[in-house]
Amino acid sequence: MSIHTKSKIDYRKAYLQVALNNSLEDAKNIISLLPESDRIIIEAGTPFIKQYGMDGVKYLVDLWGTKVSDPYIVADLKTMDRAEAEVSMVAEAGASAAIALGHAPIETLNSFVAECEKRGLDAMIDMMNVEYPLTVLTALKKIPAVVILHRGVDEEKFNKEKQIPLHEIIRIKGRYNIMISIAGGDTQREVQRSIFNDADIVVVWKSVYSEEDNTLDIINGFLKEIK
């Protein structure tokens with residue numbers, strides 16, 4: 001199995017993904033502070049999409065497009081069913097990638113990957129709370145562009161011992177030519193650990209919101225780690 005050929009992401013690079021989960025105003029403020037970098041991916045987070053729908057996705061495409069020539073927007077749909085319909089919506093809104101949950105039925109995931117490829121989007125599968133991600137991948141007809149290894153917000157909040165499953169990176173990459181995204185770590189040390197363990201994308205959001213006055217310095221620090 002191999003990655004699909006229509007990928008919009010460069011598999012030779014590492015990326016920082018900034019997740020936007022709050023208001024349109026917050027998104028505008030944060031994007032205004034971000035450096036112009038082709039290593040930054042913007043995510044329309046699930047709460048953001050639930051609040052603003054496809055208009056919110058279009059807003060982020062246009063907003064990030066004022067700073068970079070080829071804005072890359074990930075729509076975190078957390079698809080569990082009706083993959084074709086959900087992928088179609090975000091494709092028409094201008095997204096570059098969409099996310100489904102690894103706990104979705106295999107039929108849904110196969111439909112999701114196929115529809116993403118048909119629409120020219122990168123398919124991403126989030127393995128949050130999936131004990132054995134390889135079991136999901138081996139059951140698919142075709143692998144996605146990206147697998148997300150994810151410690152959820154509630155997991156981190158209520159279970160301080162829960163670790164990001166970085167050990168899965170070597171297992172997955174040992175079998176597939178695939179990009180790995182790490183979500184659930186938001187400090188410079190966690191970004192360093194993720195990149196050191198061969199992650200390709202690191203997702204951050206808390207530090208960007210909680211320290212808005214220092215956003216540019218924080219993001220530039222993260223970008224230095226991924227280069």
Side-chain angles (χ1 to χ4, degrees), residues 3-79 85-100 112 115-124 126 144-146 148 179 181 183 186 191 200-209 211-224 226-227:
I3 58 175
H4 60 73
T5 57
K6 295 182 180 180
S7 177
K8 293 186 174 184
I9 203 166
D10 188 339
Y11 282 74
R12 298 165 298 181
K13 297 180 180 179
Y15 293 87
L16 182 70
Q17 184 166 314
V18 178
L20 301 175
N21 290 298
N22 293 358
S23 67
L24 293 175
E25 183 178 356
D26 283 336
K28 183 177 181 180
N29 289 339
I30 289 169
I31 287 180
S32 71
L33 296 171
L34 296 179
E36 298 175 15
S37 173
D38 64 353
R39 297 295 187 94
I40 294 178
I41 290 171
I42 299 297
E43 175 190 321
T46 309
F48 185 90
I49 291 176
K50 286 185 175 182
Q51 185 169 1
Y52 298 109
M54 297 305 101
D55 287 341
V57 175
K58 291 176 184 176
Y59 179 80
L60 295 185
V61 172
D62 292 340
L63 195 60
W64 188 226
T66 64
K67 300 197 78 170
V68 297
S69 60
D70 190 15
Y72 191 103
I73 306 296
V74 178
D76 189 5
L77 296 168
K78 289 188 170 65
T79 296
E86 294 198 357
V87 171
S88 295
M89 287 189 292
V90 295
E92 290 171 9
S96 301
I99 299 175
F112 176 81
E115 189 65 19
C116 280
E117 184 161 13
K118 175 183 173 183
R119 294 276 186 166
L121 273 67
D122 290 328
M124 300 184 175
D126 188 334
V146 179
I148 304 166
M179 293 186 84
S181 176
D186 222 76
V191 171
D200 304 287
I201 303 169
V202 181
V203 183
V204 296
W205 70 279
K206 283 184 302 182
S207 58
V208 175
Y209 281 99
E211 301 181 60
E212 192 169 313
D213 290 343
N214 299 317
T215 293
L216 183 58
D217 290 338
I218 291 169
I219 294 297
N220 281 331
F222 289 155
L223 288 173
K224 287 180 182 177
I226 68 172
K227 289 182 178 178

To the nearest 0.5 Å, what is the distance between [atom1] ([X]) and [atom2] ([Y])?
X    : Y    : atom1 : atom2 : result
L16  : I218 : CG    : CD1   : 11.0 Å
L216 : N220 : CG    : CG    : 4.5 Å
L60  : I31  : CG    : CD1   : 5.5 Å
K58  : I73  : NZ    : CD1   : 14.0 Å
K28  : L20  : NZ    : CG    : 14.0 Å
L121 : I9   : CG    : CD1   : 12.0 Å

Specify the closest pair of heavy atoms between [X] and [Y], including all atoms of both residues, with the distance to one decimal.
X    : Y   : answer
P35  : W64 : O-CH2, 3.6 Å
L24  : F48 : CD2-CZ, 3.6 Å
S96  : K8  : CB-CD, 3.8 Å
R119 : S88 : NH2-OG, 3.0 Å
Q17  : E43 : NE2-OE1, 2.8 Å
N22  : Y52 : O-CE1, 3.6 Å

Using side-chain heavy atoms (C-beta onward) and a distance below 4.5 Å, is [X] in contact with [Y]?
X   : Y   : answer
R39 : K13 : yes
Y72 : I40 : no
L34 : I42 : yes

Y11 side chain vs A145 backbone, donor-acceptor pair below 3.5 Å = yes

Apply side chain to side chain contact (heavy atoms under 4.5 Å, CB included) to D38 and V68, showing your working.
-> CA-CA 7 Å; D38 64 353; V68 297; over 6 Å; no

From D122, I148, L77, residue fulfilling side-chain contact (heavy atoms from CB on, under 4.5 Å) relative to I99: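 Of D122, I148, L77, side-chain contact (heavy atoms from CB on, under 4.5 Å) with I99 is met by I148 alone.
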
